[in-house]
Amino acid sequence: MSTLDSLGRPLRDLRISVTDRCNMRCRYCMPREAFGPGHAFMARAELLSFEEIARVSEALAAQGVSKLRLTGGEPLLRGGLERLVEMLASIEGIEDLALTTNGLLLAARARSLAAAGLSRVTVSLDSLDEATLREMSDTPVAPARILAGIDAAGAAGLAPVKVNMVVRRGVNDRSVLEMAEHFRGRSETLRFIEYMDVGSTNGWRMQEVVPGEEILATIASRWPLERLPVARAGDVATRYRYLDGAGEIGLIGSVSEPFCGGCTRARLSADGRLFTCLFARSGHDLRALLRSGAPDAEIEARLRGIWSARSDRYSAERSAATSDRADGAPAKVEMSYIGG
Ligand code: SAM
Ligand code: SF4
Ligand code: SF4
């Protein structure tokens, strides 16, 4: 039975952050100035155990959640993740179990993740050009290593593989056509993501957002595209197909075209806080409840209470109000903490 929030939206998807650590330092997500050697990451004891994550997921599945996504930070840094995948894949009602990763450790893990029951992966890749990728990620990474992870995922059956590219004006917008060309005619679907004002450390400015419409026009001027119908209610990407039959692309226009009206997603941070919006300023602590010996019924009632009180529609309000983030507003939680 679905629980509805105060705006009538059901709860269908849960994003689970399994760690706040990462082996990259993308400037738009974990800038080194804020996430350098002095940063205090969560201590082991603060992290939810796999059993605790599975318990929350089970309680939410009973309330209508059918899709789970493991994320972070970099989820493949959490030791023994395959065991968690196995536990989550066996929960009744879970139809789709996905993982979002930067791909650095994927080639070595794709087969074991698939064997544990993972359905598919999304890999983040912001450019095929090494210097541009370095500018985006502030990490020396060979694009070929991420491409090898993508290939391994496809070969292991973690398909269809999606590839996410965040576009920042003046940094990697010059890579849009090259990325489109590379993934045309391949089995992966490339999705372009507008640079979002998540967190409070990335120095986001509206001028750096390349609107989806502009990305679309750039690609369509080279390879004509047509819009595809919405595949599933709650899908965040607008899909387009190449008229020459070379597959499709997606646009995630969270800044220019907010999709709060259909947002059916909750997020669980690695330390057990439930967030009902990516742009929330605080979350609901579930860890204390889980560790207090509360029975299942109490946990379910708490989750139902949190979701039914939900009224978040940050992106819709942002575009209705001002174009830049308000100075002096309380800090929003970081994406690496809440789970992207
Ligand atoms: N480390 C994994 C990865 O990079 O795929 C998973 C976590 S990451 C926070 C999840 C997704 O959020 C990535 O695709 C990343 O590009 C995206 N992301 C992070 N910060 C963003 C921002 N400010 N705007 C748009 N997307 C962002
Ligand atoms: Fe790490 Fe992913 Fe954030 Fe990049 S986007 S810093 S890979 S968590
Ligand atoms: Fe959902 Fe919040 Fe994003 Fe709107 S801003 S789509 S409510 S996560």
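Numbers here are sequence positions counted from 1. It should be emphasised that the depicted structure is a prediction, and the values quoted were computed from it without experimental measurement. Both ligands and their constituent atoms are indexed starting at 1 by order of listing.
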Q: Measure from NZ or CZ of Arg168 to the centre of the six-membered ring of Tyr195, then state whether that distance is under 6.0 Å and the direction lies within 45° of the axis.
A: yes

Q: Can you sort out which atoms of ligand 2 are near Met24, meaning under 4.0 Å from one of its heavy atoms?
A: 6 (S), 7 (S)

Q.
Would you call the rings of Tyr314 and Phe279 parallel, tilted or perpendicular, taking 30° and 60° as the class edges?
A. parallel

(Q) Going by the closest heavy atom to atom 5 (S) of ligand 2, which one wins out of Pro31, Cys29, Ser336? (A) Cys29

(Q) For ligand 1 and Thr101, I'd like to know whether there is a polar contact (N/O to N/O, distance under 3.5 Å). (A) yes

(Q) Can you tell me if Glu46 has over 12 outside heavy atoms packed within less than 6.0 Å of its CD? (A) yes

**Q.** Lys/Arg cation over aromatic Phe35: Arg25, 6.0 Å, 45° cone
**A.** no

Q) Nearest to atom 2 (C) of ligand 1 by heavy atom, Met196, Glu74, Arg15: which? A) Glu74

Q. Can you tell me the protein heavy atom closest to atom 8 (S) of ligand 3 and the distance?
A. Leu278 N, 3.2 Å

Q: Measure Glu317 to ligand 3 on non-hydrogen atoms and call it side chain, backbone, both or neither using the 4.0 Å cut-off.
A: neither

**Q.** atom 12 (O) of ligand 1 - nearest protein heavy atom and its distance
**A.** Met335 CE, 3.0 Å

Q | Neighbour count >12 (heavy atoms, 6.0 Å) for atom CZ, Arg111 | A | no

Q) If hydrogens are left out, which of Pro75, Ser124, Gly72, Ser17 has an atom nearest to atom 14 (O) of ligand 1, that is, the closest non-hydrogen atom? A) Ser124

Q. For Ser336, is the nearest heavy atom under 4.0 Å from an atom of ligand 1?
A. no

(Q) Test of understanding: given a 4.0 Å heavy-atom threshold, classify the contact between Asn164 and ligand 1 as side chain, backbone, both, or neither. (A) side chain

(Q) For Asn202, which part has a heavy atom under 4.0 Å from ligand 1: side chain, backbone, both, or neither? (A) side chain

Q: Before accepting this row, confirm whether a basic side-chain N of the pair Glu95/Arg12 lies closer than 4.0 Å to the acidic partner's carboxylate O.
A: no

Q) Are any of the N or O atoms of Tyr195 closer than 3.5 Å to those of ligand 1? A) no

(Q) Just checking Glu92: does its CD atom have more than 12 heavy atoms from other residues, nucleotides or ligands closer to it than 6.0 angstrom? (A) no

**Q.** Separation between CE of Met165 and CG of Leu190, rounded to the nearest 0.5 Å
**A.** 7.5 Å

Q.
To check your reading of the model: name the closest protein heavy atom to atom 4 (Fe) of ligand 3, its residue, and the distance in Å.
A. Cys260 SG, 2.3 Å

Q. Met24: heavy atom below 4.0 Å from ligand 1, yes or no?
A. no

**Q.** Sidechain N-carboxylate O distance under 4.0 Å for Asp197, Arg205
**A.** no

Q: Considering heavy atoms of the protein only, find what lies nearest to atom 1 (Fe) of ligand 3 and give residue, atom and distance to 0.1 Å.
A: Cys263 SG, 2.4 Å

Q: Tell me yes or no: between the side chains of Arg69 and Thr122, is some donor less than 3.5 Å from an acceptor?
A: yes

Q.
Give me the residue, atom name and distance of the protein heavy atom closest to atom 2 (Fe) of ligand 2.
A. Cys22 SG, 4.4 Å

Q) atom 7 (S) of ligand 3: which protein heavy atom is closest, and how many Å away? A) Asp312 O, 3.6 Å

Q) Is Arg239 salt-bridged to Glu248, cutoff N-O under 4.0 Å? A) yes

(Q) For atom 6 (S) of ligand 2, what's the nearest protein heavy-atom neighbour? Residue, atom name and distance, please. (A) Cys26 N, 3.4 Å

**Q.** 4.0 Å heavy-atom contact, Gly73 with ligand 1
**A.** yes

